[in-house]
**Q** 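Structure incoming, see below.
Source: prediction; values computed, not measured.
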Amino acid sequence: MRRLAAGTLVSGFIAAGVLAGAGTAVADDGTTRGEDGAAATVQGLKTYGEAVIRGAAGDQQVSAGLFEMSVEGGGMLQTYCVDIHTPTQTDAEYHETDWSGTSLGANEDAGRIHWILRNSYPQVNDLAALADRAGVRGELTEQDAAAGTQVAIWRYSDGVDVDAVDPQAEQLADYLEKNARNQAEPQASLTLDPPAVSGRPGELLGPVTVRTDARSVTVSPPADAATNGVRILDADGLPVISAVNGTEVFFEIPEDEPEGTVQVTAQASTTVPVGRAFAAESRSQTQILAGSSTSTVSATASATWAEQGAIPAMTARKNCAEGGVDVITTNQDDEPFTFELAEREYTVKPGETRTVTVPVAEDRTYDFTVQGADGFEKRFTGMLDCMTKAAETGADIQTLSGPTPAPVVVGSADVNLADTGAPSAAPWIVGTAITLVVLGGAALVVTRQREAGRGN
């Protein structure tokens, strides 16, 4: 069996789907995105006040409040950020994800952040009632409410010493921080579970279960269904064009159909649950949902089949609590399936599902290929962004990827630090420049001393 291929690649999120081959090696191009739910583009900070981060280097004033996002396909979202020291890129694209794929996955206070979102602005939009409940003295404006809520979130998401500048906002932040209680993570707005199935032609592959809070979901058949004869059926064997929460769907593969892979798409209009995380497809701070209009959400699931050879269903997801990527393999064959990952060999028995966690360093790109019997190959690429900047210091995590990619240089045209909650990088730049000057001077002195020694 060939060794695992590993190297660095430009940032992209985990490819989730399946690909199997019988006798001929085949590989995924890594472009399929595995996240379900809403996809949105950040529009900027819209309702905000000011806050002060207190640290050893001095106080730094930042903007704090609500961002707005436009949803792909229609809809608007309101979010707060949960990584105070990472800037938000203008027009950055985000996708809905589980807490486990963000810094919230390893944060024991994530449930308190969820409580804050449900018990403050904009979920509580009666500002007089909110002020009375929090014991705020004076008028509480929308800007105060947004700033106070964001400050309270930062205290739990980043563990920083941060205060709101406005007294009313600070009083709200103190109330929210003191009274926050753990609240369970909300479910995805729409997902298909599992996201991948496999089997032999002539069989019903599945079931795949629809999970959603939407009243109704539209199910679109595979794009090439008219040519390959693949049908999407329900548990009664009837064609599926719509579904509700809990509906089970199956892929019907014609018996004479050559090996292949198809994908089904589900789409709905619903409000995204408060507390859902949103991760960027670039280095942009993670967001958490505070409010949603009726928005378009979608999910996909894949089916792979082959007449003979390996037919595992293999997917991957980020596991921030463990600092890596979970590779999940389900063997739906009647023979054991053996594969190699990270120079180790694993076997999945018939009917079993096995998860292997691949360690990946924070902020490192990764690119690895799983190789198995009968020419099976499956490639996963992406970047792990699991920690807040404050938590990254001192992290000691091994990685499969190669050398650290060059750091991203953020230009002023891309980011407005006053609108992100991230302090200016000027002190760091100045400090680095001074350090380089000192080191350069020291090197020059040593060189001259050596030359003088040779002259004697």
Side-chain angles (χ1 to χ4, degrees), residues 40 42-54 59-71 75-88 90 112-158 160-181 183 271-276 278 285-295 415-424:
V42 68
Q43 300 296 301
L45 197 59
K46 299 299 184 180
T47 306
Y48 60 94
E50 301 300 318
V52 175
I53 306 171
R54 309 195 187 280
D59 295 347
Q60 294 175 316
Q61 186 163 320
V62 296
S63 297
L66 274 172
F67 289 85
E68 286 188 3
M69 292 186 179
S70 60
V71 178
M76 293 294 295
L77 307 176
Q78 292 176 299
T79 61
Y80 290 103
C81 79
V82 291
D83 190 352
I84 192 172
H85 292 297
T86 297
T88 298
T90 302
R112 297 180 188 274
I113 296 172
H114 188 194
W115 184 95
I116 290 171
L117 293 166
R118 289 195 168 276
N119 290 273
S120 191
Y121 182 77
Q123 287 301 301
V124 180
N125 56 19
D126 185 337
L127 298 183
L130 180 59
D132 182 65
R133 185 185 309 167
V136 173
R137 297 179 297 276
E139 181 185 5
L140 185 69
T141 66
E142 290 184 345
Q143 291 74 21
D144 294 337
T149 305
Q150 177 66 91
V151 166
I153 289 172
W154 277 335
R155 291 173 182 174
Y156 282 120
S157 65
D158 294 73
V160 291
D161 184 2
V162 58
D163 298 319
V165 171
D166 185 270
Q168 283 74 32
E170 176 64 12
Q171 291 165 31
L172 176 61
D174 288 344
Y175 162 79
L176 293 171
E177 179 188 14
K178 179 180 179 181
N179 289 274
R181 301 290 183 268
Q183 192 157 354
T271 55
V272 182
V274 170
R276 289 295 290 170
F278 278 79
Q285 63 190 170
T286 302
Q287 306 281 322
I288 190 164
L289 189 72
S292 169
S293 70
T294 298
S295 300
V415 176
N416 181 355
L417 289 172
D419 287 348
T420 64
S424 171

**Q** If I compare all heavy atoms of A146 with all of Y80, which pair ends up nearest, and what's the gap?
**A**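 Taking every non-hydrogen atom into account, O-CE2, 3.4 Å.
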
**Q** Rounded to the nearest 0.5 Å, how far does OG1 of T149 lie from CH2 of W154?
**A**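 Rounded to the nearest 0.5 Å, the CH2-OG1 separation comes to 11.5 Å.
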
**Q** Which value, rounded to the nearest 0.5 Å, describes the distance between H114 atom NE2 and R181 atom CZ?
**A**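 One finds 15.5 Å between NE2 of H114 and CZ of R181.
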
**Q** With sequence neighbours excluded, tell me which residues meet side chain to side chain contact (heavy atoms under 4.5 Å, CB included) with T286.
**A**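 If we apply the side chain to side chain contact (heavy atoms under 4.5 Å, CB included) test to T286, skipping adjacent residues, the hits are V82, T102.
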
**Q** Kindly give the heavy-atom pair with the smallest separation between V71 and S295, and that separation in Å.
**A**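 Shortest heavy-atom contact: CG2-OG, 3.7 Å.
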
**Q** If every non-hydrogen atom of C81 is compared with every non-hydrogen atom of I153, which pair is closest and at what distance?
**A**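 Looks like O-CG2, 3.9 Å.
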
**Q** Using only atom types and a distance under 3.5 Å, with no angle test, would you say the side chain of S120 pairs donor to acceptor with the backbone of I116?
**A**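 Checking the backbone N and O of I116 against the side chain of S120, no donor-acceptor pair under 3.5 Å is found.
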
**Q** For side chain to side chain contact (heavy atoms under 4.5 Å, CB included), just list the numbers for V62 and I53, CA-CA rounded to whole Å, side-chain angles, deciding distance to a tenth of an Å, and then say yes or no.
**A** CA-CA 8 Å; V62 296; I53 306 171; 4.0 Å; yes

**Q** State, to 0.1 Å, how close L172 and V136 come at their nearest heavy-atom pair, and which atoms those are.
**A**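 Distance-wise, the nearest heavy atoms are N-CG2, 4.0 Å.
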
**Q** Going by salt bridge (Lys or Arg N to Asp or Glu O under 4.0 Å), name the residues that satisfy it together with E177, two or more places apart in sequence or in a different chain.
**A**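 Result, salt bridge (Lys or Arg N to Asp or Glu O under 4.0 Å) vs E177: R155.
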
**Q** Hey, does D83 have a side-chain heavy atom less than 4.5 Å from the side chain of D158?
**A**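 They are in contact (side-chain heavy atoms under 4.5 Å apart), so the answer is yes.
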
**Q** Does D59 have any salt bridge (Lys or Arg N to Asp or Glu O under 4.0 Å) partners at least two apart in sequence or in another chain, and if so, which?
**A**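 Residues passing salt bridge (Lys or Arg N to Asp or Glu O under 4.0 Å) with D59: R54.
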
**Q** Taking the side chain as everything from C-beta on, heavy atoms only, tell me whether Y121 gets closer than 4.5 Å to L66.
**A**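 A side-chain contact under 4.5 Å exists here.
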
**Q** For Q168, enumerate each residue passing the side chain to side chain donor-acceptor pair (under 3.5 Å) test, keeping only those at least two apart in sequence or located in another chain.
**A**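 So Q168 forms no side chain to side chain donor-acceptor pair (under 3.5 Å) with any residue.
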
**Q** Does the R112 side chain pair with the main chain of A180, one donor and one acceptor, at a distance under 3.5 Å?
**A**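 Yes, R112 side chain to A180 backbone: donor-acceptor pair under 3.5 Å.
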
**Q** Out of curiosity, T79 OG1 to K46 NZ, how far, rounded to the nearest 0.5 Å?
**A**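 Going from the OG1 atom of T79 to the NZ atom of K46 covers 11.5 Å.
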
**Q** Taking the side chain as everything from C-beta on, heavy atoms only, tell me whether R133 gets closer than 4.5 Å to V124.
**A**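 Yes, side chains in contact.
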
**Q** Just by distance, do the side chain of S293 and the backbone of M76 share a donor-acceptor pair under 3.5 Å?
**A**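 Yes; judged by distance alone, with no hydrogens or angles, the pair exists.
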
**Q** Without swapping roles, check the side chain of Q285 against the backbone of T86 for a donor-acceptor pair under 3.5 Å.
**A**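 Between the backbone of T86 and the side chain of Q285 there is a qualifying donor-acceptor contact (under 3.5 Å).
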
**Q** Answer yes or no: is there a donor N or O on one side and an acceptor on the other, between the side chain of Q78 and the main chain of A290, under 3.5 Å?
**A**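 Answer holds: no.
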
**Q** With sequence neighbours left out, write down each residue that passes side chain to side chain contact (heavy atoms under 4.5 Å, CB included) with N179, or none if nothing qualifies.
**A**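 W115, Y175.
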
**Q** Restricting to side chain to side chain contact (heavy atoms under 4.5 Å, CB included), what partner residues turn up for V274, sequence neighbours left out?
**A**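 In terms of side chain to side chain contact (heavy atoms under 4.5 Å, CB included), with neighbours along the sequence ignored, V274 is linked to L117, R118, Q123.
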
**Q** Considering all heavy atoms of both residues, which atom of L130 and which atom of L140 are nearest to each other, and what is their separation?
**A**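 It is CD2-CD2, 4.0 Å.
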
**Q** Can you measure from CG (D144) to OG1 (T47) and round to the nearest 0.5 angstrom?
**A**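 Rounded to the nearest 0.5 Å, the CG-OG1 separation comes to 11.5 Å.
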
**Q** Taking the side chain as every heavy atom from C-beta outward, state whether L127 and T141 have any atom pair closer than 4.5 Å.
**A**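 SC-SC contact between L127 and T141 ruled out.
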
**Q** Do L77 and Q287 come within less than 4.5 Å of each other through their side chains, counting heavy atoms only?
**A**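 When only atoms from C-beta onward are counted, Q287 and L77 do not touch, as no gap falls below 4.5 Å.
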
**Q** Would you say S292's side chain and V272's backbone share a donor-acceptor pair under 3.5 angstrom?
**A**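 Confirmed, S292 side chain pairs with V272 backbone.
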
**Q** Taking atom CD of Q43 and atom CD of E68, what is their separation to the nearest 0.5 Å?
**A**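 The CD atom of E68 is 8.0 Å from CD of Q43, to the nearest 0.5 Å.
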
